[in-house]
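Heads up: the structure comes next, in structure tokens.
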Amino acid sequence: MLDPKLIRTDIASVAAQLKRRGYVLDVSAIEQLESKRKQCQVHTETLQSERNAKSKSIGKAKAAGEDIQPLLDEVAGLGEALDRAKAELGEVQQQMDAILLGIPNLPHESVPEGKDENDNVEIRRWSEPRVFDFEIKDHVDVGDGLGQLDFESASKLTGSRFVVMRGQLARLHRALIQFMLDLHTGEHGYEEVYVPYIVNSDSLRGTGQLPKFEEDLFCVDAETGYFLIPTAEVPVTNLARGEILDADDLPLRLTSHTPCFRSEAGSYGKDTRGMIRQHQFEKVEMVQLVKPEQAWDALEELTAHAETVLQKLDLPYRVVTLCSGDIGFSAAKTYDIEVWLPGQQAYREISSCSCFTDFQARRMQARWRNPDTGKPELVYSINGSGLAVGRTLVAILENYQQADGSVPVPDALKSYMNGIKVLQ
RNA sequence: GGAGAGAUGACAGAGUGGCCGAAUGUGCUUGAUUCGAAAUCAAGUGAACCCUUACGGGUUCCGAGGGUUCAAAUCCCUCUCUCUCCGCCA
């Protein structure tokens, strides 16, 4: 959520910044609603103040043993007027909230101008795609050749966009999770957290998935408003919801491994082959909650932490800055890390690292106490995948494959594989 | 699943209709005292929002939501969560 004060005082500038991302702010509607809100609120609060004063005098008169009937008569019509004013104000506020919750974050000034993903800017590459001297397979064929990757069983068990892994491959998948968590906790200064995989709608509103993107989620129970998490970002960031953090605890660095569940509504026909786009996948997530002045450095740092995973696995990748038209709803700036997939002859997203400024924090009232002012102020939130485990497995299968169909275990994972050096 | 108890400020804890945004204690901040510290004394110490250039004024918040009333932390209803005991269970 944007700062309502900013929208009130400088709506032209807000509209101009939102235009960069292709969002048209309905300025006149907001201005109209705002003036109505002001009028209603002042009116309502005046009535309330009046009622409070009168009620107080009734109390005093009664205590003094005076006749309170004249005072009661005076206040008689107030209640109804107040009810009407409250109802009107509530309606206006509800409309305003609905608008505010639907406005995306302002892109950071360093975000390149652009319309869609074609305008994203590559900022660096690491390592070179390997040159193969045999006909390469994609991960589906590699996994199938190993007899350890099974989409048919998964579709029998559930439906499309699920997978079953077996044996060494299943173990490699688990090893990746272990490796990533060990790296982030051991070398990057993150605290590991275990969190619920089902969250309530308040949490989803806090990080920005609701109310706008409900169709992307799996609802567990409409009655309770419980949803499966689409990313660990939701439960982990919401740990700070409604809290006032100690300045000494910042920056707060948390990492968590969770499954992620996405309905993938609207992506019919996209990435239907293989385990690139699944309804269920594992991810190790990094979240940082920081003071505003630390935020942009923290985004660079967190992105580097994600890159380290790929470097240690020796997987070629590039980093792109998403352009103003392609950044997500809640983000002010996003770096996508894209790993090289030989099977597709393309770089594909494997991590998305974003700074949300105070956008999420305002929605969830996540604050820290600034010792300089003594006042609670909104934290800045940053998160990124470190990494998407399924896609990392895909990258390993495709990049490490050998002519005979076997796949050597990356050095960084050997200690987790109980002696297995090659998947075969 | 059954029975019971509870949810108040950073924490502990009082408060059963008006004088309660809330006693008291602890903590914290500032000042006094001290060479300094401890102890002691004094003052201050929640949040959100609105109006106002400002000074200042106002509204809301005692788990959440609804209701009764001129007036609700206090009464009524619903829900959530916590604790104790029993049952069941990974």
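Just so we're on the same page: letters track the sequence lines, and every chain starts at 1.
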How many whole angstroms separate atom CD of A:Q48 from atom P of B:rU59? 8 Å

Whole-Å distance between B:rC50 C1' and A:K5 NZ? 10 Å

Just the rounded figure in Å: distance from P of B:rC49 to CZ of A:R8. 9 Å

Watson-Crick or G-U counterpart of B:rU74, or none if no pair lies under 3.5 Å: none

With rounding to whole Å, what would you report as the distance between B:rA14 and B:rG25 at their C1' atoms? 11 Å

If the cut-off is 4.0 Å, is A:S49 near the phosphate of B:rU59, judged by side-chain N/O to OP1 or OP2? yes

Inter-nucleotide P distance (B:rU30, B:rA23), Å rounded: 23 Å

Euclidean distance for C1', B:rA38 against B:rA47 (whole angstrom): 35 Å

Tell me whether the side-chain N/O atoms of A:R51 come closer than 4.0 Å to OP1 or OP2 in B:rU69. no

Is it the case that more than 12 heavy atoms not belonging to A:Y226 sit under 6.0 Å from its OH atom? no

Is the centre of the A:H257 ring less than 6.0 Å from the centre of the A:Y194 ring? no

For B:rG58, take OP1 and OP2 only and decide whether either is under 4.0 Å from a side-chain N or O of A:N52. no

Measuring centre to centre across the rings, with the benzene-like ring taken for any Trp, is A:F329 within less than 6.0 Å of A:F359? yes

Does a nitrogen or oxygen in the side chain of A:K86 sit under 4.0 Å from OP1 or OP2 of B:rU59? no

Interatomic distance at C1', B:rC86 relative to B:rA73, whole Å: 34 Å

Which nucleotide wins on minimum distance to the side chain of A:E45, given the candidates B:rU59, B:rA47, B:rC70? B:rU59

Restricting to non-hydrogen atoms, name the atom on A:R363 and the atom on A:R205 that form the minimum distance, rounded to 0.1 Å. NH1-O, 2.8 Å

May I have the distance from A:Q365 (atom CD) to B:rG46 (atom C1'), rounded to whole angstrom? 14 Å

B:rC81: pairing nucleotide in any strand, Watson-Crick or G-U under 3.5 angstrom: B:rG6

Between A:Q41 (CD) and B:rU60 (C1'), how many Å, whole number? 10 Å

Quick check: on RNA chain B, is the nucleotide nearest A:A53 upstream (toward 5') of the one nearest A:G59, or the reverse? Name the residue that is more 5'. A:G59

Both distances below 3.5 Å, Watson-Crick or wobble geometry, any strand: find the nucleotide opposite B:rA38. none

To the nearest Å, give me how far apart CD1 (A:I58) and C1' (B:rU69) are. 10 Å

Would you say B:rC51 has OP1 or OP2 under 4.0 Å from some side-chain N or O of A:R37? yes

Using 4.0 Å as the upper bound for N to carboxylate O, is an ion pair formed by A:R253 and A:E301? yes

Phosphate OP1/OP2 of B:rA48: any A:R362 side-chain N/O under 4.0 Å: no

Could you tell me which nucleotide pairs with B:rC61 by Watson-Crick or G-U wobble geometry, both distances under 3.5 Å, or answer none if nothing does? B:rG46

Pairing partner (Watson-Crick or G-U wobble, both distances under 3.5 angstrom) of B:rU69: none

With a 4.0 Å cut-off on N to O distance, would you call A:K86 and A:D83 a salt bridge? no

Tell me whether the side-chain N/O atoms of A:K56 come closer than 4.0 Å to OP1 or OP2 in B:rA71. no

B:rG6 versus B:rG87 - spacing of their P atoms, nearest Å: 24 Å

Rounded off to whole Å, could you give me the CE-to-P distance for the A:M96 and B:rC49 pair? 14 Å

Answer yes or no: does a side-chain N or O of A:R367 lie under 4.0 Å from OP1 or OP2 of B:rA48? yes

Side-chain atoms of A:K38 come closest, of B:rC51, B:rA47, B:rA71, to B:rC51

For B:rC88, the Watson-Crick or wobble partner whose two distances fall under 3.5 Å: none

In terms of side-chain geometry, is the basic nitrogen of A:R277 or A:E264 positioned less than 4.0 Å from the acidic oxygen of its partner? yes

Between C1' on B:rG46 and CD1 on A:I244, what's the gap in Å once rounded to a whole number? 8 Å

If the P atom of B:rC79 is compared with that of B:rG15, how far apart are they to the nearest Å? 28 Å

Any strand, both distances under 3.5 Å, Watson-Crick or G-U wobble: B:rA22 pairs with none

Between A:K60 and A:T46, the residue closer to the 5' end of RNA chain B by nearest nucleotide is A:K60

Suppose you measure atom C1' in B:rC83 against the same atom in B:rG63; what distance do you get, rounded to whole Å? 15 Å

Can a side-chain donor-acceptor contact be found between A:N200 and A:S203 if the only test is distance below 3.5 angstrom? yes

For atom C1', what is the distance between B:rA48 and B:rU34, given to the nearest Å? 43 Å

Please work out if A:K62 contacts a base, only the sugar-phosphate, or nothing of the nucleic acid, heavy-atom cut-off 4.0 Å. base

